[in-house]
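Start at 1 with the first residue, then count along the sequence. This is a predicted model, so every value here is computed, not measured.
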Amino acid sequence: MLILLESAAGFSIFQVAGDKTTEIRSDNVQDLVKLRAFGKFEDTTDALSATTALNESKLPKNLKIFLQKTLVGSRKDWAREQLGIADAKLAGVVQKKLGIPCIFDQNIFAIHRSLREEMLNLIPGIGAEELRSMQLGLAHSLSRFKLKFSPEKVDTMVIQAIGLLDDINKELNTYCMRIREWYGWHFPELGAVIPDNLLFTRTVQKMGTRNNALSMDFSDILPQDMEAKLKDAVRISMGTEISEDDIANIRLLAEQIIAIYEYRVELQEYLKNRMHAIAPNLTLIVGELVGSRLIAHAGSLINLAKHPASTVQILGAEKALFRALKTRHATPKYGLIYHASFVGRALPKDKGKVSRVLANQLALSARVDALGETSEPTIAFASIDKLEKRTGGLEEGAQRRIAALQTPSQHAPAPAYTPSKKYNAETDTTVTTTTTAATATGSRKRFAEDSDEEEETTAPAVEETPKKSKKERKHKTPKSEGKKRSSKKSSKKDKGDREERKEKKSRKKARTDDE
């Protein structure tokens, strides 16, 4: 089996002796592996082009020429063996384009690791200092290539700046809540008078205790009506008294909050300038905050440019998307672009349509910003015009629907209400029905009605079973005899009841006759 090794010096092909791929280690690699071919890079540019292609699992031109010369065009027996490559995608590309049988497994990784450790002993003509200089030069060239030789296009600064801005906003909310609660013990009415956090903090820093407010001028901080309310609240305050040490610590906290507010303004200005330099089209459409969050969520501007418009539309709503797919509910219509002004101005029922159109324009803008050569907005103005037309059309349609609902209908008026005739009770008739005798099984009476007359239905007569003789009764099972006895007892009881009823009737008749 053959092994392909890529290094800063060039490409190497080693042959493993026999089937001992699993036995190769750093201590015995020189005995089990033999160098068959070595292709040295001409210069740093050649090494850089090969390394960038290999990082993306592509077949570089110099490697293709090396393999064709060494393996494809060779008549040697060892050139027909399988080629082990540490990258599975690269192995597939080599096998597809050059027809060389390639192999990729965990043993190849172990062999590669052993070969790199003993590379100086396996490749003749390369010293340690020369190899180190090659590696250092390639590393510097690769770093400069990734930065595209332009520090203005480094989107890492934008990602860090927007992350820091979000952290500052969280800290400011925590600090402002703390100073309001802390100072509220002394002057609880101040929170209702000044709702703004920055004005509240500056007032606390300047005022100190609430008793100093009556003799101070707050015109440089507060409006005139708010200052009047502040002094009125001081006169009726129900807060507790606090010491000078407490006021000193509260003022220190207020200074920290004001300093963080000022730094946040500077950071926002810095972020705005960087976004206009890195992604001018993206910034002009959605602003620097939404644009920088999209870049940070994607990882880089290049990654954002690779995303399709459908991914840009729901970027930031991944949890909601996978939850909807798992539960088979409706998927989200927007993610981070919900905070864009175009989506915010749209009606609730039109937000999904606007976000889809906006995502299309953002995907195009990101590709132009990432791969274009100019640092000026080129397609942003045309994209904004398309978005304005689309949102304007949706607003006009909504206004037409509302106007149609508000205007009276042009159809013919409804006919006037005419009361129905009064109910005539004299036309009612009663229907007499006769009941038939109940059947032996206790079935209900049924009636069939025709349009002109009513017919009375009677149940069919039940045939009486003939009584059995005494001989037949003797051959009955004990169970049947028991049933028969019980039936005899019940028949005797019924017969006695009938006789009693007859006697009662006869007595009653005799009494009536006597009377």
Side-chain angles (χ1 to χ4, degrees), residues 56-57 89 155-156 158-163 165-167 169-170 173 271 275 278-371 377 379-402 404-405:
E56 298 177 0
S57 298
K89 294 182 179 179
D155 50 9
T156 307
V158 171
I159 297 173
Q160 298 298 329
I162 190 62
L165 188 62
D166 292 338
D167 294 340
N169 290 332
K170 293 178 183 178
N173 290 335
L271 180 62
M275 281 297 296
I278 294 172
N281 294 285
L282 192 69
T283 306
L284 201 60
I285 295 175
V286 293
E288 64 274 4
L289 293 178
V290 179
S292 59
R293 284 193 174 94
L294 288 172
I295 293 174
H297 199 82
S300 65
L301 183 59
I302 293 292
N303 292 343
L304 182 63
K306 293 178 182 178
H307 288 323
S310 57
T311 304
V312 175
Q313 182 180 353
I314 59 171
L315 204 64
E318 289 81 4
K319 289 184 179 180
L321 173 65
F322 292 121
R323 183 170 60 248
L325 294 175
K326 185 178 180 181
T327 57
R328 296 185 179 180
H329 287 81
T331 55
K333 299 178 180 178
Y334 31 70
L336 291 171
I337 62 174
Y338 178 79
H339 302 285
S341 59
F342 287 102
V343 181
R345 293 201 307 261
L347 295 174
K349 61 181 295 185
D350 297 332
K351 287 184 184 295
K353 299 178 182 178
V354 175
S355 63
R356 184 164 58 250
V357 179
L358 179 60
N360 294 334
Q361 302 303 322
L362 289 179
L364 293 175
S365 301
R367 290 163 192 170
V368 172
D369 292 334
L371 306 174
I379 66 168
F381 299 105
S383 299
I384 291 174
D385 292 339
K386 292 180 182 179
L387 288 167
E388 292 288 351
K389 289 179 182 178
R390 179 59 176 161
T391 54
L394 292 174
E395 291 176 0
E396 290 177 3
Q399 291 176 0
R400 285 197 299 268
R401 289 192 296 269
I402 294 172
L405 292 174

Checklist entry - How would you list all residue pairs meeting salt bridge (Lys or Arg N to Asp or Glu O under 4.0 Å) that involve residues 331-343, not counting sequence neighbours? => result none
Checklist outcome for this item: What one should report as the nearest heavy-atom pair of Ala305 and Ala366 is CB-O, 3.7 Å
For a quick test of your reading: what N or O donor-acceptor pairs under 3.5 Å do the side chains of residues 279-299 make, sequence neighbours left out?
residue, atom, partner, partner atom, Å
Asn281, OD1, Thr378, N, 2.8
Asn281, OD1, Ile379, N, 3.1
Asn281, OD1, Ala380, N, 3.2
Asn281, ND2, Asp369, OD1, 2.6
Thr283, OG1, Met275, O, 3.2
Thr283, OG1, Ala279, O, 2.6
Ser292, OG, Glu288, O, 2.7
Ser292, OG, Leu289, O, 2.9
Arg293, NH2, Asp166, OD1, 2.6
His297, NE2, Glu318, OE1, 3.3
His297, NE2, Glu318, OE2, 3.1

Item to check | side-chain contact (heavy atoms from CB on, under 4.5 Å) between Leu315 and Leu304, worked out | outcome: CA-CA 10 Å; Leu315 204 64; Leu304 182 63; 4.0 Å; yes
Checklist entry - Please, which pairs that meet ring pair (Phe, Tyr, Trp, His ring centres under 6.0 Å) have at least one residue in residues 330-368, sequence neighbours excluded? => result Tyr334-Tyr338
Next on the checklist: Ile302 vs Leu371, test: side-chain contact (heavy atoms from CB on, under 4.5 Å). Steps then yes/no.
Outcome noted: CA-CA 8 Å; Ile302 293 292; Leu371 306 174; 4.2 Å; yes
Next on the checklist: Which heavy atom of Lys89 sits nearest to which heavy atom of Ser57, and what is that distance?
Outcome noted: CB-CB, 3.6 Å
Checklist entry - Mind checking what makes side chain to side chain contact (heavy atoms under 4.5 Å, CB included) contact with Pro348, not counting sequence neighbours? => result none
Checklist entry - For Thr331, which residues count as a side chain to side chain contact (heavy atoms under 4.5 Å, CB included) partner, sequence neighbours excluded? => result Leu321, Ala324, Leu325
Item to check | Closest heavy-atom pair and its distance - Ala317, Gly335 | outcome: CB-CA, 4.0 Å
Checklist entry - Residues in salt bridge (charged side-chain N to carboxylate O under 4.0 Å, His left out) with Arg345, at least two apart? => result Glu388
Item to check | Partner set under side chain to side chain contact (heavy atoms under 4.5 Å, CB included) for Lys386, not counting sequence neighbours | outcome: Gln361
Checklist entry - Shortest non-hydrogen contact from Ser355 to Ile337? => result O-CD1, 3.5 Å
Item to check | Nearest-0.5 Å distance that lies between atom CG in Leu358 and atom CD in Gln313 | outcome: 9.0 Å
Item to check | Point-to-point distance, once rounded to the nearest 0.5 Å, from CG of Asp155 to CD1 of Ile162 | outcome: 13.5 Å
Item to check | Under the side-chain hydrogen bond (donor to acceptor under 3.5 Å, both in side chains) test, residues paired with Ser300 that sit two or more places apart | outcome: Asn303
Checklist entry - Which residues satisfy the side-chain hydrogen bond (donor to acceptor under 3.5 Å, both in side chains) test with Ser341, sequence neighbours excluded? => result none
